[in-house]
J.: 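Here it is: the structure, laid out below.
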Amino acid sequence: MSVRVRFAPSPTGYLHIGGARTALFNWMFARHHGGQFILRIEDTDQKRTVPGAIEAIMDAMRWLGLDWDEGPDVGGPYGPYIQTQRADLYREWAYWLVEHGHAYKCFCTSEEVAKRRESRQGDQQAILGYDRHCRYLSAEEVAAKEAQGIPYVIRFKMPLEGTTTIPDIIRGDIVVDNGQVQDAVLLKSDGLPTYHLANVVDDHFMKITHILRADEWINTAPLHIHLYHAFGWDVPAYAHLPLVLNPSGKGKLSKRAQAFDDGGQQVLVKVEEFRDAGYLPEAVLNFLANVGWAFGEDREKFSMAEAIARFRLEDINPAPSRLPYGKLDWLNGQYIQEMESAALVEAVVPFLEKAGLDVSRDVLMVLADSMKPRLKRLSDAVDFLVFLRDETAEPLAVEQLVDKKLPLDAARAAFREALAIIQTIEPFSVDTLGEQLRAIGERHTTNSKAGPFLGKMRFAITRQRISPPLFESIVALGRERATARLEEAVKLLETA
RNA sequence: GCCCCAUUCGUCUAGUGGCCUAGGACGCAGCCCUCUCAAGGCUGAAACAGGGGUUCGAGUCCCCUAUGGGGCACCA
């Protein structure tokens with residue numbers, strides 16, 4: 001039988017990075033086994049559903065490259081893949097359970113349930129949650145309440161005694177006391193199912209073979225297992241994935257609360273934020289795959305094709321972890337370094353445009369090689385290239401153009417020669433400029449090394465203490481603008 | 001409060017009873033290279049939560065404690 005797994009987000013907003021990791025593991029597992037990866041939307045909570053969220057989630061997954069074989073947009077043999085469109089199915093099976101004595105109608109309002117729960121707070125024996133009040137109603141009482149038209153939910157009759165063991169691929173057997181699990185609501189009074197019913201019914205009819213979901217579901221797994229038993233269906237294999245924690249280590253990473261790292265820096269949580277910050281999808285995937293799972297052979301950087309080939313659920317580390325964001329920066333930088341120049345240029349253009357920096361692709365090509373080792377994120381290109389903007393050119397001071405190895409007279413002579421070179425050199429290229437300017441430097445510095453001169457020259461051209469290398473900067477600026485900036489330096493040195 | 005899961009350098013991890021004087025990566029520090037900043041190269045500091053067992057031998061198995069996390073909704 002072929003492996004079938006699913007990623008089942010609820011459309012409450014955007015794709016969360018922790019959710020992306022769950023999706024990634026499901027996807028890698030499916031691809032490793034040549035099985036199917038299914039995208040299912042769990043939108044049974046009408047209050048939390050936000051319009052546009054399904055598209056946003058799919059966009060984020062597409063950006064990452066996590067392609068699904070069946071889903072809301074592509075369909076598939078077991079659709080529909082949006083739960084609200086399968087409402088009748090859940091209702092049918094909920095009543096089937098009632099008829100077969102595995103579930104019951106509960107007429108308690110949430111307020112009553114909450115109130116009674118409060119009053120039991122002091123009782124150390126009682127579990128929190130529902131007290132099973134309606135489980136013991138007689139047939140007559142139920143009929144009477146129904147006749148009055150009192151709304152009800154359907155609750156599962158959880159076994160009161162014994163234990164349930166959850167065979168977990170990552171953790172081994174987990175044993176839970178049935179008494180710890182309450183009679184969960186299966187069908188809400190609005191006629192829609194809760195997660196518990198919907199996921200069991202769907203996983204069964206969608207022929208899901210392995211359930212890879214977050215750790216936070218362990219506690220309800222016994223309920224799900226008993227649901228399968230009540231229906232007489234096979235129980236899929238379980239693998240509960242470790243949670244992704246807040247960088248502070250306090251609590252799980254949530255999309256509802258903002259997260260901060262130890263430095264008080266706000267941390268990225270939505271997948272689209274990673275995209276907008278200038279991370280490459282390959283880097284994000286590589287980064288996520290390294291949390292809770294390791295490639296092996298002490299390798300940190302690997303392609304998804306390589307990862308898929310050796311991905312095994314058994315190798316997943318069950319301990320929860322924080323996302324090592326610093327490593328993502330490094331990884332992203334590594335991927336940028338390996339990019340083809342043309343690809344880097346294309347990738348960087350949207351970020352420059354957004355920042356109002358209008359730089360031609362030809363100019364970017366000149367700077368591509370010097371950008372590669374310097375960019376952690378694509379968005380860093382903006383700071384890297386601000387010197388190309390005329391308004392940002394700071395006025396010069398003589399002290400910035402001279403030093404011990406390049407005294408005033410030497411600087412004056414060297415800069416004059418450099419100006420002449422820049423005005424006339426042919427071709428106007430990185431190589432020719434480099435050759436000529438270096439020679440000038442060697443002739444005028446006290447230690448006969450080009451370095452001191454090139455440094456001053458670079459400042460005169462870019463007006464930035466930190467900037468791209470000199471020769472590329474000159475070419476990027478163009479002969480005219482470079483000449484203008486240099487003339488200013490020469491004038492300053494002459495009057496000094 | 002009750003239940004469940006977990007615990008190797010600051011962080012992400014390797015390790016499945018002897019190969020561990022515990023390996024890698026990021027970050028950090030130093031040096032080299034160098035027109036700045038990066039990148040790159042080299043070097044370094046840095047961990048088996050604690051206590052009991054089991055065993056000839058324990059980071060690896062068991063128990064307890066501690067700590068962290070998760071759950072106890074008509075949310076998923």
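All values below come from the heavy atoms of this structure, side chains included, with hydrogens, waters and symmetry mates left out. Quantities reported herein were computed from a predicted structural model and do not represent experimental measurements. Chain naming here is simple, since letters A, B, ... match the order of the sequence lines and numbering starts at 1 in each.
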J.: Determine, for nucleotides 20-28 of chain B in 5'-to-3' order, which nucleotides have protein heavy atoms under 4.0 Å from the base (write B), from only the sugar-phosphate (write S), or from neither (write -).
T.: ---BBBS--
J.: For the C1' atoms, the ones on rG27(B) and on rG44(B), what distance do you get once it is rounded to whole angstrom?
T.: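 Here rG27(B) and rG44(B) have their C1' atoms 14 Å from each other.
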J.: Could you tell me how far apart Glu112(A) (CD) and rC74(B) (P) are, to the nearest whole angstrom?
T.: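 Interatomic distance, CD of Glu112(A) to P of rC74(B): 12 Å.
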J.: Report the residue (Val176(A) or Gly455(A)) whose heavy-atom-nearest nucleotide on RNA chain B is the more 5′ of the two.
T.: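 Nearest-nucleotide comparison on RNA chain B picks Val176(A).
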J.: Determine, step by step, whether Asp203(A) and Arg6(A) satisfy the salt bridge (charged side-chain N to carboxylate O under 4.0 Å, His left out) criterion, reporting the C-alpha distance in whole Å, the side-chain angles of both residues, the deciding distance to 0.1 Å, and the verdict.
T.: CA-CA 8 Å; Asp203(A) 287 344; Arg6(A) 43 62 168 187; 2.7 Å; yes
J.: Among rC2(B), rA73(B), rC37(B), which nucleotide sits nearest the side chain of Gln180(A)?
T.: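 Nearest to the side chain of Gln180(A) among the choices is rC2(B).
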J.: Has Arg155(A) got a side-chain N or O lying under 4.0 Å from the OP1 or OP2 atom of rC74(B)?
T.: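 It does, given that an N or O in the side chain of Arg155(A) lies less than 4.0 Å from OP1 or OP2 of rC74(B).
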J.: Looking only at side-chain N and O atoms, does Ser473(A) offer a donor or acceptor that is under 3.5 Å from a partner on Arg458(A)?
T.: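 Per modelled atom types, Arg458(A) and Ser473(A) side chains form no pair under 3.5 Å.
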J.: Counting only Watson-Crick or G-U wobble pairs whose two distances fall under 3.5 Å, which nucleotide matches rC72(B)?
T.: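 Because both required distances fall under 3.5 Å, rC72(B) counts as paired with rG1(B).
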J.: For the residue pair His196(A) and Tyr90(A), is the inter-centroid distance of their aromatic rings smaller than 6.0 Å?
T.: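 Between Tyr90(A) and His196(A), which both carry aromatic rings, the centre distance is not below 6.0 Å.
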J.: Give me the distance, rounded to whole Å, that separates rA14(B) from rC48(B) when you measure between the C1' atoms they each carry.
T.: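 Taking atom C1' in both rA14(B) and rC48(B), they lie 13 Å apart.
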J.: Please classify the nucleic acid contact of Arg171(A) as base, sugar-phosphate, or nothing, using heavy-atom distances under 4.0 Å.
T.: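 The answer is sugar-phosphate, as Arg171(A) gets under 4.0 Å only of primed atoms, P, OP1 or OP2.
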J.: Would you kindly say whether Asp43(A) and Thr49(A) are connected by a side-chain donor-acceptor distance under 3.5 Å?
T.: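 Per modelled atom types, Asp43(A) and Thr49(A) side chains form no pair under 3.5 Å.
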J.: For Asn317(A), report the nucleic acid contact type (base, sugar-phosphate, nothing); a contact means any heavy atom under 4.0 Å.
T.: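 Here Asn317(A) touches the backbone only, sparing every base.
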J.: With a non-hydrogen cut-off below 4.0 angstrom, is Trp217(A) in contact with a base, only sugar-phosphate, or nothing?
T.: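 Base contact.
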J.: What's the gap between rU13(B) and rG51(B) when it is taken at their C1' atoms, as a whole Å value?
T.: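 Here rU13(B) and rG51(B) have their C1' atoms 27 Å from each other.
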J.: How long is the gap from CG on Leu437(A) to OG1 on Thr432(A), to the nearest 0.5 Å?
T.: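 OG1 of Thr432(A) is found 8.5 Å from CG of Leu437(A).
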J.: Ser467(A) near the nucleic acid: base, sugar-phosphate alone, or nothing, with a heavy-atom cut-off under 4.0 Å?
T.: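 Answer is base: heavy atoms of Ser467(A) come under 4.0 Å of a base.
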J.: CG of Asp183(A) versus C1' of rC72(B): gap in Å, rounded?
T.: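 Nearest whole value for this atom pair: 13 Å.
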J.: When the P atoms of rA38(B) and rG50(B) are compared, how many Å lie between them, rounded to an integer?
T.: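 Comparing P positions in rG50(B) and rA38(B) gives a spacing of 38 Å.
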J.: When you compare rA29(B) with rU34(B), how far apart are their P atoms, in angstrom units rounded to a whole number?
T.: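 Per the computed distance, 22 Å lies between those P atoms.
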J.: For Asp177(A), which contact category applies under a 4.0 Å heavy-atom criterion: base, sugar-phosphate, or nothing?
T.: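 Counting heavy atoms under 4.0 Å across all strands, no contact is made by Asp177(A).
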J.: Does Leu470(A) reach a base, just sugar-phosphate, or nothing at all? Heavy atoms under 4.0 Å.
T.: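 The answer is base, as Leu470(A) lies within the cut-off (heavy atoms under 4.0 Å) of a base atom.
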J.: Say we look at rU7(B) and rU43(B): how far apart would their C1' atoms be, to the nearest angstrom?
T.: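 Looking at atom C1' only, rU7(B) and rU43(B) are 32 Å apart.
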J.: Examine Lys301(A) relative to Tyr335(A) and say whether NZ or CZ is less than 6.0 Å from the centre of the six-membered ring and inside a 45° cone about the ring axis.
T.: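 Yes.
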J.: Between rC75(B), rA6(B), rG40(B), which one does the side chain of Lys47(A) approach most closely?
T.: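 Among rC75(B), rA6(B), rG40(B), the one nearest the side chain of Lys47(A) is rC75(B).
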J.: Measure from NZ or CZ of Arg310(A) to the centre of the six-membered ring of Phe295(A), then state whether that distance is under 6.0 Å and the direction lies within 45° of the axis.
T.: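 Satisfied, under 6.0 Å and within 45°.
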J.: Is it the case that Arg21(A) places NZ or CZ above or below the six-membered ring of Phe25(A), under 6.0 angstrom from the centre and within 45 degrees of the axis?
T.: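 So Arg21(A) does make the cation-pi contact.
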J.: Could you check whether Val153(A) gets within reach of a base, just the sugar-phosphate, or nothing at all, counting any heavy atom under 4.0 Å?
T.: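 It contacts base atoms.
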J.: With a 3.5 Å limit on both atom pairs, tell me what rC42(B) is paired to, counting Watson-Crick and G-U wobble, or say none.
T.: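 Across all strands, the one nucleotide that pairs with rC42(B) is rG30(B).
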J.: Do Ser189(A) side-chain and rC74(B) base share a donor-acceptor contact under 3.5 Å?
T.: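 Indeed, a donor on one side and an acceptor on the other fall under 3.5 Å apart.
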J.: To the nearest Å, give me how far apart CZ (Arg438(A)) and C1' (rU34(B)) are.
T.: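 The answer, rounded to whole Å, is 10 Å.
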J.: If the C1' atom of rG70(B) is compared with that of rA58(B), how far apart are they to the nearest Å?
T.: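 One C1' to the other, the span is 30 Å.
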J.: Return the value, rounded to whole Å, for the distance between atom CZ of Arg213(A) and atom C1' of rG70(B).
T.: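 The distance from CZ of Arg213(A) to C1' of rG70(B) comes to 13 Å, rounded to the nearest Å.
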J.: What's the CG-P distance between Asn246(A) and rG68(B), to the nearest Å?
T.: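 Nearest whole value for this atom pair: 15 Å.
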J.: Given rU7(B), rA76(B), rA38(B), identify the nucleotide with an atom nearest to the side chain of Arg48(A).
T.: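 The answer is rA76(B), which lies nearest to the side chain.
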J.: Which distance, rounded to the nearest 0.5 Å, do you find between the CG of Asp45(A) and the OG1 of Thr194(A)?
T.: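 Between atom CG of Asp45(A) and atom OG1 of Thr194(A) there are 10.5 Å.
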J.: With sequence neighbours left out, write down each residue that passes salt bridge (Lys or Arg N to Asp or Glu O under 4.0 Å) with Asp183(A), or none if nothing qualifies.
T.: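 Once residues adjacent in sequence are excluded, the partners of Asp183(A) under the salt bridge (Lys or Arg N to Asp or Glu O under 4.0 Å) criterion are Arg132(A), Arg135(A).
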J.: Return the 5'-most residue of the pair Ala294(A), Leu375(A) with respect to RNA chain B, ranking by each residue's nearest nucleotide.
T.: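 Result: Ala294(A).
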J.: Provide, to the nearest angstrom, the distance between the NE2 atom belonging to His240(A) and the C1' atom belonging to rG69(B).
T.: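 It is 15 Å, rounded to the nearest whole Å.
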J.: At under 4.0 Å, does any side-chain N or O of Thr44(A) touch on OP1 or OP2 of rA76(B)?
T.: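 Looking at the OP1 and OP2 atoms of rA76(B), one of them is under 4.0 Å from a side-chain N or O of Thr44(A).
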J.: Could you state the CG-P distance from Asp173(A) to rC5(B), rounded to the nearest angstrom?
T.: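 So the two atoms are 10 Å apart, to the nearest Å.
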J.: Ignoring backbone atoms, establish whether Lys188(A) has a side-chain N or O less than 4.0 Å from OP1 or OP2 of rC75(B).
T.: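 For rC75(B), OP1/OP2 do have a side-chain N/O of Lys188(A) under 4.0 Å.
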J.: Looking only at the side chain of Asp315(A) (C-beta and beyond, no hydrogens), which of the listed nucleotides rA39(B), rA76(B), rU16(B) gets closest?
T.: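 My answer, after comparing the listed nucleotides, is rU16(B).
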J.: Give the rounded distance in Å between these two atoms: CG of Leu367(A) and P of rC37(B).
T.: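 About 19 Å, once rounded to whole Å.
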J.: Over all strands shown, is Gly292(A) touching base, sugar-phosphate only, or nothing at heavy-atom distances under 4.0 angstrom?
T.: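 Sugar-phosphate contact only - Gly292(A) comes under 4.0 Å of backbone atoms but never of a base.
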J.: Is there a Watson-Crick or G-U wobble partner for rA25(B) with both distances under 3.5 Å, and if so, which one is it?
T.: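 WC or wobble partner is rU11(B).
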J.: For the C1' atoms, the ones on rG24(B) and on rG15(B), what distance do you get once it is rounded to whole angstrom?
T.: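 Approximately 12 Å lies between the C1' atom of rG24(B) and that of rG15(B).
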J.: Using Watson-Crick or G-U wobble geometry with both distances below 3.5 Å, tell me the partner of rA58(B), or none.
T.: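 Partner of rA58(B): none.
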J.: Just checking, any donor-acceptor pair under 3.5 angstrom between side chains of His133(A) and Glu112(A)?
T.: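 Not at all, the side chains of His133(A) and Glu112(A) share no donor-acceptor pair under 3.5 Å.
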J.: For the base of rG70(B), is there a side-chain donor-acceptor partner from Asn219(A) under 3.5 Å away?
T.: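 Present.
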J.: Write down the partner of rU36(B) under the Watson-Crick or G-U wobble criteria, each distance required to be under 3.5 Å.
T.: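 rU36(B) is paired with nothing.
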J.: Just to be sure I understand the rule, does Phe471(A) reach a base, reach only the sugar-phosphate, or reach nothing, if contact means heavy atoms closer than 4.0 Å?
T.: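 Base contact.
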J.: Do Gln83(A) and Asp202(A) meet the criterion of a side-chain donor-acceptor pair at a distance under 3.5 Å?
T.: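 Side chains of Gln83(A) and Asp202(A): pair found under 3.5 Å.
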J.: Does OP1 or OP2 of rG71(B) have a side-chain N or O of Lys252(A) closer than 4.0 Å?
T.: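 For Lys252(A), the contact criterion (side-chain N or O under 4.0 Å from OP1 or OP2 of rG71(B)) is met.
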J.: Would you mind classifying the nucleic acid contact of Thr220(A) as base, sugar-phosphate or nothing, using non-hydrogen atoms under 4.0 angstrom?
T.: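 No contact at all - Thr220(A) keeps every heavy atom at 4.0 Å or more from the nucleic acid.
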J.: Tell me what Pro469(A) touches on the nucleic acid: a base, only sugar-phosphate, or nothing, going by heavy atoms under 4.0 Å.
T.: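 Base contact - Pro469(A) has a heavy atom under 4.0 Å of at least one base atom.
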J.: So Pro468(A), base contact, sugar-phosphate only, or nothing? Heavy-atom distance under 4.0 Å.
T.: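 It contacts base atoms.
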